[in-house]
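Worth knowing before you read on, the calculation uses all heavy atoms, side chains too, and leaves out hydrogens, waters and symmetry mates.
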Amino acid sequence: MLTTLQILSPLNDKQKEAVHYTEGPVLVLAGAGSGKTRCIVHRIAYLISCKKVNPQNILAVTFTNKAANEMKERLKNSFNISTYSLWIGTFHSMCARILRAESDSYSKIPFSSNFTIFDANDQNRIMKNVIKKMNISDTNFPPKKVLNIISLQKNNLVNYKNFSPNDSSYYSKIIGQIFENYQKYLLENNGLDFDDLLAYTVWVFEKFPEILKKYQEKFKYLLIDEYQDTNFAQYQMTYLLAKSHKNICVVGDDDQSIYGWRGADIRNILSFENDYKTTKIVRMTQNYRSPELVLSAANELIANNESRHKKELWTAKGKGKKIQLYEVPNGKYEAIFISKKIRELINSGKADYKEITIFYRTNAQSREFETQFLKDRINYQIVGGVNFYQRKEIKDILAYLRILANPSDNESLLRIINFPKRGIGKVAQSKLLDFASHKKIHLYSALQKIDKTSKFSNSALKKMKSFYSILKKFSVKSKSEPINKLVKEIVAELNLLDFYKNEELIKGETRADNIKEFIASTEDFAENFFEEFSTEPKLSEYLQNISLITDIDRTDKGDNVVSLMTMHNAKGLEFPYVFIVGAEDGLIPHTNSMDSVSEIEEERRLLYVAMTRTIKELTMSYANSRRFFNSYISNFPSRFLDEINDKHFEKFILTSEFNKQYSGDLYKSQKRKTDWKTAHNKFKVGQRISHSKFGQGMILSIRGNGDDAKLTISFNNGELKKIISSFVKSL
């Protein structure tokens, strides 16, 4: 066994305090990069080696298997402690273990120990069957959306018996009935979903006091990692376990609570000392990751949140470089500029690809970077997602384009024959394949000649003909229309944007955003193609171009790649060189999060998390405009930038001439001499203007300079728009 000195000597004073204080409730506020995992591992080692606690009496819970396995490895490698009898794992794995151990002993528990855990795909299939059996429209009650509602209820320990929504509408009544039928189906099949693992563990503890007492006596020391990410069910489970002995140590950082949209409740960590009156609070604020100027800027940003424990990170690493803040004309130039910056880091020997990351707010923002990186031969990977052109919704629409260009492409036709759903199921598809095989023709021709077979019912025949008419119509259009116009018409014909709105809230919005981004990509291609060839590109030219982007073999599959990811995927990671792109209102904070103080605060925490991933240098950028659908929408810099003192920034502006200046290994930029809050324009507030699409209007406000100035305009048709000044004319 190791001595106290051996266990504590590698730690700083605050880490030692967190490890040494073992009796009673402890709240460890572990700031970004402050050694959180080290603290937990050393605390477990201290309990076992110095306090002589039986490993079986320790429960350590975290959120990912990766984090749990890392703790086990460190205990074995650093302290030679066997983890065989230690309960270290995720909330869900711990709950499953408890439920399997207890369910056969109590007849009132409605499942046996060999229960099946249904994953997300199982749940979706089950929900579809439940809705179908109830004769309910899955258009009005999309399975994934219903499952999301039920999941949030379960995480708040609400079951179908006590489900009582705030309204008494028909919709809520049907949701309650679906909830009941779904849950009964699970239990009839001796199955639980992931949310049930949490909810039923709490139910068992509350229903059977003897079971709760058993585990209270067993787990005399509780350690909960990432406590700021717990939902109500997880909070209640740990509260019940610690109720008798109160030897609970929670480790987390309220400034890094960024998962409220999936049920995490920041109030759990904010009110910990109210739940446990004798709480020992330890603030671990020494950061071992980031330079001083980055931390100071992050501190200033997060200080604007009211719902937090007050603390400031500090470091002994030195000041480091100022944050480079770039204003760029639009998203395309942002990608070109950052690609050049990365190439300079690589060519100068300062960094490898794997030491560089790009953080963005939404997945759709990756598209322009992927396109530019492929062009510049920069190796990259999408973290926590897939290549933009490999995403399902993008591959679906590409399948439509490919079948129009190549009617022999059976794979593409089969992918879209029932997408969006048009009632052509597997049986009908199988019959079509048989007919095509018998006639020795491809499926497109089989659809054309479908009247020559009696294999199909009148209903199936009608649906097949309707599908073929859509393909035929767009096949004709594809011969003459430019690709950008063709894609917009297909999206409108298929009603894709409304289709995705009926999916699970977050996923549906993401997919709809990606479709809009795809439309923007065709607009970009059309503009560039016209500039080069003075003609509008047709389908064949676009597909020839896109084939290079969708060829995943062109990207490096090794580890030495630039990482692209959303800010939500950033937590727990660190990189020497960090680029935060799209620092604009509407992206960060996101448009959907501007209606409440709590959501704005979570968006601020999200940017804080992204900034504090930096080991060496941080670069941030915002664009004056971004393409949205088929037009450019002007943007304002993120309001969060105004919350950081200018002394932390070295500001630059890339003008609209940037693309002409861009050549080889050279690019030109100039230090920004005026702040974005200053405006000198040819337009004035109150001036009347005209726009080619929106008509006449009046300028309400101006931000920025010259042709790149952003005008807020009230148009005569009642619309309020933010538009770049170069797109309007004086009256």
Donor-acceptor pair between [X] and [Y] side chains, under 3.5 angstrom:
X    : Y    : answer
Q123 : Y182 : yes
D104 : S112 : no
Y200 : N159 : no
E17  : Q15  : no
Q56  : Y84  : no
T230 : N268 : yes

Legend entry - Row check, F115 ring normal vs R100 NZ/CZ: under 6.0 Å, within 45°: yes

Inset, instruction - Determine, for Y608 and R605, whether the Lys NZ or Arg CZ falls below 6.0 Å from the six-membered ring centre while staying within 45 degrees of the axis. - result: no

Has [X] got a side-chain atom pairing as donor or acceptor with [Y]'s backbone, closer than 3.5 angstrom?
X    : Y    : value
K76  : E73  : no
D265 : F232 : no
Y276 : V26  : no
R38  : P10  : yes
N190 : F111 : no
E603 : E599 : no
E602 : G260 : yes
N304 : L301 : yes
S290 : T614 : yes
Q236 : A233 : no

Any side-chain heavy-atom pair of [X] and [Y] under 4.5 Å:
X    : Y    : result
L212 : E206 : no
F649 : L641 : yes
Y353 : I378 : yes
I224 : V251 : no
C39  : T37  : no
M567 : V609 : no
F91  : T238 : yes
L147 : N124 : yes

[Y] ring center within less than 6.0 Å of [X] ring center:
X    : Y    : result
H245 : F219 : no
Y380 : F369 : no
F208 : Y106 : yes

Inset, instruction - Kindly indicate, with the supporting measurements, whether the criterion side-chain hydrogen bond (donor to acceptor under 3.5 Å, both in side chains) is fulfilled by E273 and H309. - result: CA-CA 11 Å; E273 58 264 52; H309 289 92; 3.2 Å; yes

Legend entry - Of I248, D254, I281, the residue whose pairing with F272 passes side chain to side chain contact (heavy atoms under 4.5 Å, CB included): I248

Salt bridge check: are [X] and [Y] linked by an N-O gap of less than 4.0 Å?
X    : Y    : result
R308 : E601 : no
D275 : K246 : no
K321 : E650 : no
E70  : K66  : no
D253 : K36  : no
E574 : R613 : no
E355 : K616 : no

If I take atom [atom1] from residue [X] and atom [atom2] from residue [Y], how far apart are they, to the nearest 0.5 angstrom?
X    : Y    : atom1 : atom2 : value
L295 : Q286 : CG    : CD    : 10.5 Å
K51  : R43  : NZ    : CZ    : 10.0 Å
L59  : L222 : CG    : CG    : 5.0 Å
E188 : Q183 : CD    : CD    : 11.0 Å

Legend entry - Non-hydrogen atoms of S85 and P55 that approach each other most closely: OG-CB, 3.4 Å

Inset, instruction - Over all heavy atoms of both residues, which pair between Y259 and H568 is shortest? Give the atoms and the distance, please. - result: OH-O, 3.0 Å

Inset, instruction - Evaluate the side-chain hydrogen bond (donor to acceptor under 3.5 Å, both in side chains) criterion for residues S296 and H648: first the C-alpha distance (whole Å), next the side-chain angles of each, then the deciding distance (0.1 Å), finally the verdict. - result: CA-CA 8 Å; S296 179; H648 296 101; 2.7 Å; yes

More than 12 heavy atoms from other groups under 6.0 Å of [atom1] on [X]:
X    : atom1 : answer
K322 : NZ    : yes
N80  : CG    : no
R283 : CZ    : yes
E210 : CD    : yes
K218 : NZ    : yes
K161 : NZ    : no
K354 : NZ    : no

Inset, instruction - Mind telling me whether Y160 and F179 have parallel, tilted or perpendicular rings, with 30° and 60° as the class edges? - result: perpendicular

Inset, instruction - Determine, stepwise, if the pair S105 / E102 fulfils side-chain hydrogen bond (donor to acceptor under 3.5 Å, both in side chains). - result: CA-CA 6 Å; S105 302; E102 305 301 331; 5.0 Å; no

Inset, instruction - Can you spot which of N231, D196, D195 makes a side-chain hydrogen bond (donor to acceptor under 3.5 Å, both in side chains) with K154? - result: D196

